[in-house]
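Here the structure is a predicted model, which means the values were calculated and not measured. Counting starts at 1 for both ligands and their atoms, in listed order.
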Amino acid sequence: MSNYHIKHLEEYWQVYRKSVRNPEMFWEEIAEEHFLWRKKWDKVLSWDFSTPEIKWFEGAKLNITENCLDRHLATRADKTAILFEPNDPGEAAQHITYRQLHERVCRMANVLADHGVGKGDRVCIYLPMIPELAVSLLACARLGAVHSVVFAGFSATALSTRINDCDCKLVICSDGSYRGKKTIDLKTIVDEALEDCPGVGTSLVVRRTGGKVSMQEGRDRWMQSLLDAAEPDRPATIVDAEDPLFILYTSGSTGKPKGMVHTTGGYMVYTAYTFKNAFQYREEDVYWCTADIGWITGHSYIVYGPLANGATSVMFEGVPSYPDYGRFWEIVKKHQVSQFYTAPTAIRALAKENIDFVNKHDLSSLKVLGTVGEPINEEAWHWYNENVGKKNSPIIDTWWQTETGGIMISPIPYSTPTIPTFATLPMPGIQPVLMDESGQEIQGNSVEGRLAIKFPWPSIARTIYGNHERYRETYFTAYPGNYFTGDGALRDTVGYYRITGRVDDVIIVSGHNLGTAPIEDAINEHPAVAESAVVGFPHDIKGNALYGYVTLKETGEGRDPENLRREINQLITDRIGPIAKLQKIQFTGGLPKTRSGKIMRRILRKIASKDTANLGDISTLLNPEVVQTIMDESLA
Ligand code: WTA
């Protein structure tokens with residue numbers, strides 16, 4: 001018997017030890033007993049972290065939508081699969097059953113196939129949080145096509161870069177989206193992006209807002225009429241376990257975004273297993289993750305993990321502040337949500353508002369509270385525990401990444417005793433290690449270092465699309481033989497992990513990963529700008545906010561700084577999206593540099609954080625005198 005569902009702490013330890021002693025046997029048992037395979041694997045795992053090459057369930061054949069949809073039809077056809085809660089609380093929620101979801105996915109798969117989409121083809125999805133978004137992912141998967149979802153808050157430039165990087169031929173989009181009081185014309189953004197995407201022959205447009213859009217003859221088609229005309233059934237295309245399921249872009253510290261490639265079999269097994277255990281999901285539960293499907297959290301824990309378990313997964317279109325700051329809690333009450341999964345930035349924002357927004361809603365249906373995306377600070381943890389969980393719902397602080405595919409370190413609720421700010425213990429099969437600066441593994445407890453993982457797990461990303469060398473270099477060269485996460489962590493006296501934050505130039509703002517390099521590139525496009533450096537500094541709601549140091553060309557001197565700031569932020573909004581806007585912009589005469597010309601971001605970070613007591617040795621800088629000037633200016 002496999003240990004698919006852990007129910008207490010001793011069982012966790014027993015399962016964990018087994019999973020580390022023999023990972024192949026552990027995952028093989030789970031894969032065999034809980035999923036539908038058209039053909040079993042020849043080999044459970046082959047791996048080499050130096051090439052690097054990782055294969056799980058090689059030779060196996062399956063379709064993930066048969067696991068997420070078809071197999072539930074016998075027992076759960078009329079159970080709600082997706083519970084859609086619209087932006088406007090006056091619009092009715094939609095309870096989409098497994099039978100209906102199956103039909104909608106098949107129809108859309110037929111439409112995509114009619115437009116030439118087949119196995120291995122990349123499809124870009126740029127949609128708001130409406131049911132068609134989940135349907136689109138699954139429709140691609142049904143055909144063995146590879147989806148590449150781009151978060152619908154990204155700009156036209158960010159969208160076209162991602163479309164071109166993985167050579168998408170078709171885009172699924174909508175006329176617009178609703179976010180609180182705002183209506184956003186997404187189609188206009190897509191039109192602008194597609195001017196730079198000669199490879200895209202078709203865009204299928206979902207109607208949501210009913211806003212006026214321009215439809216380009218021969219390229220753009222309304223989705224609904226095609227769906228209505230399509231056959232309601234379609235057999236699933238059978239793929240190999242190691243065939244790609246999707247590409248999802250994430251920011252790196254340098255260069256363009258990385259298209260992380262996830263494959264089918266291992267991803268399915270791992271997301272389903274971790275969903276079941278991290279959330280202690282039970283058949284009658286209603287589960288809600290507030291993330292957007294444009295991020296990995298939505299892929300793994302709104303769509304694939306929950307549906308593979310036959311769960312009811314809430315999909316919320318709106319924002320936590322509309323029509324008021326009680327919206328999350330109103331939805332919890334309305335749909336009797338049992339597991340609630342959100343980001344620390346949302347918790348901090350809501351904690352600032354009047355507590356009546358929470359207290360006026362009955363939250364007694366809640367059993368598990370989760371957080372993800374960035375470290376949760378102690379104050380937010382306690383607020384969540386006391387006011388939302390009423391000290392009755394364990395909080396799971398789940399650490400993981402786009403690259404890891406699923407939750408890596410997290411308490412098992414009702415089993416693992418929790419401590420604020422600690423992600424606690426690894427999930428079964430996960431072998432974390434802490435590394436020191438010299439590349440040695442740090443043994444024992446009460447230690448701090450850089451977090452790496454020394455053994456593969458089924459849902460690790462297999463490559464960066466089109467750039468395997470970058471994949472090797474980014475994740476497997478810092479500590480040869482290990483996967484390097486980019487995060488720092490400490491291990492306390494009992495072996496619990498606490499994630500301390502990024503140790504590279506990725507900054508997490510409101511839970512979104514932002515690389516400094518693309519933001520600096522956008523700033524430097526301004527004709528008056530000579531050079532720039534972007535760093536993060538603490539912000540009480542966003543976790544981090546962005547601080548830009550900018551030097552001007554002669555032509556920029558004497559220009560109104562407020563106008564320049566506005567223009568720079570507009571450039572960033574155009575190139576990346578509003579999430580990357582700078583909170584503060586300091587114009588300065590020079591940036592601190594090493595003798596080899598590298599900008600010393602470490603020093604700038606300290607100045608931005610007003611932590612200048614200990615700047616470290618600055619005497620080796622090329623221009624140590626600018627440091628004092630920058631400090632004086634920042635106080636001015
Ligand atoms: C950070 C999100 C502390 C971390 C699933 C990681 C966290 C990055 C936590 C990945 C957590 C995520 N505690 N930090 N519980 N969860 N992070 O790719 O720095 O959007 O490397 O994946 O978020 O962000 P990504």
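- Distances from atom 16 (N) of ligand 1 to the heavy atoms of G373, S251, G543 show the closest one on G373.
- Considering backbone and side-chain N/O atoms, T485 never comes within less than 3.5 Å of an N/O atom of ligand 1.
- The protein heavy atom nearest to atom 10 (C) of ligand 1 is W400 O, 3.6 Å.
- Nearest non-hydrogen protein atom to atom 3 (C) of ligand 1 is P375 N, 3.1 Å.
- For the residue pair T424 and I409, the shortest heavy atom distance occurs at O-CG2, 3.6 Å.
- Of all the heavy atoms of T398, the ones lying under 4.0 Å from any atom of ligand 1 belong exclusively to the backbone.
- Within the cation-pi definition used here (under 6.0 Å to the ring centroid, within 45° of the axis), R162 qualifies as a partner of F154.
- Aromatic ring pairs are classed by plane angle as parallel below 30°, tilted from 30° to 60° and perpendicular above 60°; the pair W457 and Y483 is perpendicular.
- Between the CH2 atom in W381 and the OG1 atom in T421 there is a gap of 9.0 Å [rounded to 0.5 Å].
- Counting only heavy atoms of the protein, atom 8 (C) of ligand 1 lies nearest to I508 CD1, 3.7 Å.
- Using a 4.5 Å heavy-atom threshold, the side chains of M260 and R462 count as separate.
- Contact detail for Q443 and V447: the closest heavy-atom pair is O-CG1, 3.8 Å.
- Counting heavy atoms under 4.0 Å from ligand 1, residue D487 touches it through the side chain alone.
- When only non-hydrogen protein atoms are considered, atom 18 (O) of ligand 1 lies nearest to T402 OG1, 2.5 Å.
- Short contacts between ligand 1 and D397, defined as distances under 4.0 Å to a heavy atom of the residue, involve ligand atoms 11 (C), 13 (N), 15 (N).
- When every heavy atom of P432 is checked against every heavy atom of Y16, the shortest pair comes out as CD-OH, 4.0 Å.
- Residue-ligand proximity, V372 to ligand 1, at heavy-atom distances under 4.0 Å covers atoms 5 (C).
- Near N513, with a cut-off below 4.0 Å to any heavy atom, the atoms of ligand 1 are 10 (C), 18 (O), 20 (O), 24 (O), 25 (P).
- Contacts with ligand 1 closer than 4.0 Å are made by side-chain heavy atoms of T297 only, the backbone lying farther away.
- Heavy-atom minimum distance, T371 versus Y341: O-CE1, 3.6 Å.
- Those atoms of ligand 1 that come under 4.0 Å of a heavy atom in I499, given as number and element, are 3 (C), 14 (N).
- The backbone N or O of I541 lies less than 3.5 Å from a partner atom in the side chain of R348, making a donor-acceptor pair.
- The closest heavy-atom contact to atom 7 (C) of ligand 1, among the options E374, Q401, R502, comes from E374.
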